[in-house]
Structure formats: structure tokens, C-alpha cells
> 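Please find one structure pasted underneath; my questions will follow.
Here the structure is a predicted model, which means the values were calculated and not measured. A, B, ... follow the sequence lines: proteins, then strands. Residue 1 opens every chain.
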There are 2 protein chains.
Amino acid sequence: MEAKRKDEVCQFRLMASRDALDIIQGKWRIPIIISLMHGNKRFGEIQRDITDISPKMLSQELKFLEMNKIITRTLYDSMPITVEYSLTELGKSMNSLLEELLKWGLYFRKELVRKD
Amino acid sequence: MEAKRKDEVCQFRLMASRDALDIIQGKWRIPIIISLMHGNKRFGEIQRDITDISPKMLSQELKFLEMNKIITRTLYDSMPITVEYSLTELGKSMNSLLEELLKWGLYFRKELVRKD
DNA sequence: GTAACTACTTACCAAAAGGTAATTGATATA
DNA sequence: TATATCAATTACCTTTTGGTAAGTAGTTAC
């Protein structure tokens with residue numbers, strides 16, 4: 001009975017992790033979200049933050065994040081045309097997840113240096 | 001000056017996130033770690049937790065996690081041979097990251113249902 | 001008129017990730 | 001002798017991901 005209960009908790013957690021993973025999976029999504037955590041940005045500004053991303057990948061991943069309500073695209077009819085990307089409330093709600101990711105990333109690197 | 005400082009913070013965070021992403025990237029690593037957060041497990045037990053993983057993938061990802069000091073492999077000379085996998089301290093240090101991942105995963109699903 | 005800036009898109013290709021199915025090898029049981 | 005369990009491994013194939021390079025379209029400065 002105890003063991004079965006514990007098993008169910010594990011199954012529940014495995015399912016919840018899938019939803020989050022579907023969004024953060026991929027080389028560029030987390031970097032894009034981190035960049036936008038530092039303020040609304042234009043296409044070119046994100047490209048300059050993430051120096052090794054190609055316009056194709058940036059465009060593709062911005063579309064994905066917009067479709068999943070993580071970011072918003074706003075077109076300004078200025079001359080030269082500008083497009084601003086910003087995080088939605090849902091996007092902003094990833095903040096503590098990202099903080100833990102960064103914290104663990106730093107800890108992991110520190111441990112690697114210490115042990116090798 | 002202010003803007004430049006802010007930019008440097010963003011760059012630093014982008015770099016830290018890469019280290020973490022290199023480890024958690026992939027379809028199966030996070031599920032395996034979650035499974036092991038619920039106790040040390042044998043190969044077959046993890047397979048039963050994560051029902052749709054193939055032995056090839058499980059074996060491959062366990063090796064990766066072992067190489068990166070996230071888990072430990074212990075062979076028991078019992079008959080039938082058993083192999084136990086457990087989290088290292090480094091592996092256990094992912095706990096709050098995983099908690100945030102699960103929390104956000106649940107929030108994300110809830111928001112999707114609410115808005116569509 | 002031509003070069004540059006904005007924000008992309010498109011075609012093509014290579015590499016990585018992941019799936020399927022069969023097999024391995026040691027031991028134990030019927 | 002045949003079958004089952006445990007923990008994988010191997011070969012082969014498909015899908016997904018990501019990279020490169022070039023092009024597009026509108027506006028503006030020289």
C-alpha cells in the first residue's frame with residue numbers, strides 16, 4: 001500500500017515533467033527566454049545577445065514560443081519597421097525555474113572543476 | 001554604463017544556462033533522474049517507471065548520467081545479477097530545479113486548459 | 001542609384017536523436 | 001532440454017534538429 005502510493009506520486013511527477021520539457025527542450029528556447037527576462041527586445045537585439053544563433057533558428061523558435069503563449073510579438077509601424085518581443089505572464093512565470101537552472105548550472109561547473 | 005552592466009549580467013546567465021542544459025537536454029534524462037529521486041532502482045524498475053523507454057535508450061542515458069557524475073552504478077553479485085542505480089550528491093542537488101520544473105509544468109497545463 | 005538596415009524566409013544539407021527488433025550471456029527453474 | 005529473468009547490446013532505419021548560404025521586401029541615407 002505504501003509502495004503503491006509512492007509509485008503513483010512518481011508517475012504523477014513524470015507526467016508533469018513532460019509538459020515542461022516539451023516547452024524548454026531544444027538548444028535555443030531557454031536562451032531566448034533568458035534574454036527576454038532582461039527586457040523586451042527586438043529581433044536583432046536577441047541575435048546580438050545570443051551571438052551564435054542564426055536568423056532561421058531565432059525566427060523558428062520565436063514562433064514556437066509565441067504559439068505556446070510564452071512570448072508576444074508586437075509590430076511597430078515605425079520607419080525602419082521594428083518588431084518587439086516580450087514575455088507574457090506565463091513566460092514571466094518561468095522565472096524561478098530559470099533561477100534554479102542557473103544556480104544548478106553554476107554549481108555543476110564548480111563541482112566539475114573541483115573533482116577533475 | 002548601466003546598460004552595459006545589464007548586458008554583462010545577461011551574458012553571464014546565458015553561459016551558466018548552457019552547462020545545465022547540456023545535462024538535462026534530451027527526452028529521457030529528466031525522467032530518469034525523477035525516477036531515481038524516489039529511491040535507488042534497478043534497470044528493470046526504471047523501465048517499469050518510464051513505460052515508453054526502450055532498453056537501448058535507458059542504457060545509453062544511464063551511461064551519460066554516470067559519466068557526468070549524476071548517478072552511480074552498483075553491481076551486485078547476486079543470482080540473478082542485479083545492478084542498482086542511485087543519485088550522487090550532485091544528482092540530488094538537482095532536487096529544487098526539478099521541483100520548479102514540475103511546479104511550472106503543472107501551472108502551464110492549467111493555463112492552457114483555462115485559455116483554450 | 002546603390003548601399004545599408006530592418007526582419008525575416010527559403011532551399012538544401014549534415015548531424016544528432018531516437019525508435020524497432022533481434023540478439024547476447026549468465027543464471028535459475030520446470 | 002526448454003523457458004524465463006536480468007541487464008543490457010547491436011544493427012538498421014526514420015525523424016528531428018540544427019547549420020549554411022542566399023534571397024526577399026520595405027525604407028532610408030549617401
> Among the nucleotides D/dG18, C/dA7, D/dT20, which one has an atom lying closest to any side-chain atom of A/Glu61?
D/dG18
> Mark yes when over 12 heavy atoms from residues, nucleotides or ligands other than A/Arg109 sit less than 6.0 Å from its CZ; otherwise mark no.
no
> Could you check whether A/Glu66 pairs with A/Lys63 (Lys NZ or Arg NE/NH1/NH2 to Asp/Glu carboxylate O, under 4.0 Å)?
no
> Any side-chain N or O of B/Ser59 less than 4.0 Å from the OP1 or OP2 oxygen of D/dT9?
yes
> Return no unless some side-chain N or O of A/Tyr85 is found under 4.0 Å from OP1 or OP2 of C/dC8.
yes
> Measure the CZ-NZ distance between B/Phe108 and A/Lys69 for me, rounded to the nearest 0.5 Å.
10.0 Å
> B/Ile71 has an atom CD1; how far is it from atom C1' of D/dA7, in whole Å?
14 Å
> Closer than 4.0 Å, any side-chain N/O of A/Lys27 to the OP1 or OP2 of C/dA16?
no
> Roughly, in whole Å, what's the span from CD in B/Glu84 to P in D/dA7?
10 Å
> Rounded off to whole Å, could you give me the CZ-to-P distance for the A/Phe43 and C/dT6 pair?
12 Å
> How close or far is atom P of C/dA7 from atom CG of A/Leu58, stated in whole angstroms?
10 Å
> Please determine whether salt bridge (Lys or Arg N to Asp or Glu O under 4.0 Å) holds for the pair A/Arg48 and A/Glu45, giving the CA-CA distance in whole Å, both sets of side-chain angles, and the decisive distance to 0.1 Å.
CA-CA 5 Å; A/Arg48 260 165 267 135; A/Glu45 289 180 297; 5.5 Å; no
> May I ask you to evaluate whether B/Lys63 reaches the phosphate of D/dA8, defined as a side-chain N or O under 4.0 Å from OP1 or OP2?
no
> Counting C-beta onward and ignoring hydrogens, is there a side-chain heavy-atom pair between B/Trp28 and B/Ile46 closer than 4.5 Å?
no
> Rounded off to whole Å, could you give me the CD-to-C1' distance for the A/Gln47 and C/dC8 pair?
9 Å
> With DNA chain C as reference, determine whether B/Pro55 or B/Gln60 sits nearer its 5' end, using the nearest nucleotide of each.
B/Gln60
> Round to the nearest Å and state the distance from A/Met57 atom CE to C/dA14 atom P.
16 Å
> Looking only at the side chain of B/Trp28 (C-beta and beyond, no hydrogens), which of the listed nucleotides D/dG19, C/dG18, D/dA7 gets closest?
C/dG18
> Ignoring backbone atoms, test whether B/Thr82 places a side-chain nitrogen or oxygen under 4.0 Å from the OP1 or OP2 oxygen of D/dC6.
no
> How many whole angstroms separate atom CD1 of A/Ile81 from atom C1' of C/dA4?
16 Å
> Can you figure out which of D/dG19, C/dT9, C/dC8 approaches the side chain of A/Arg73 most closely?
C/dC8
> Between B/Gln25 (CD) and D/dT16 (P), how many Å, whole number?
17 Å
> Taking only side-chain nitrogens and oxygens of B/Lys56, does any of them come within less than 4.0 Å of OP1 or OP2 of C/dA17?
no
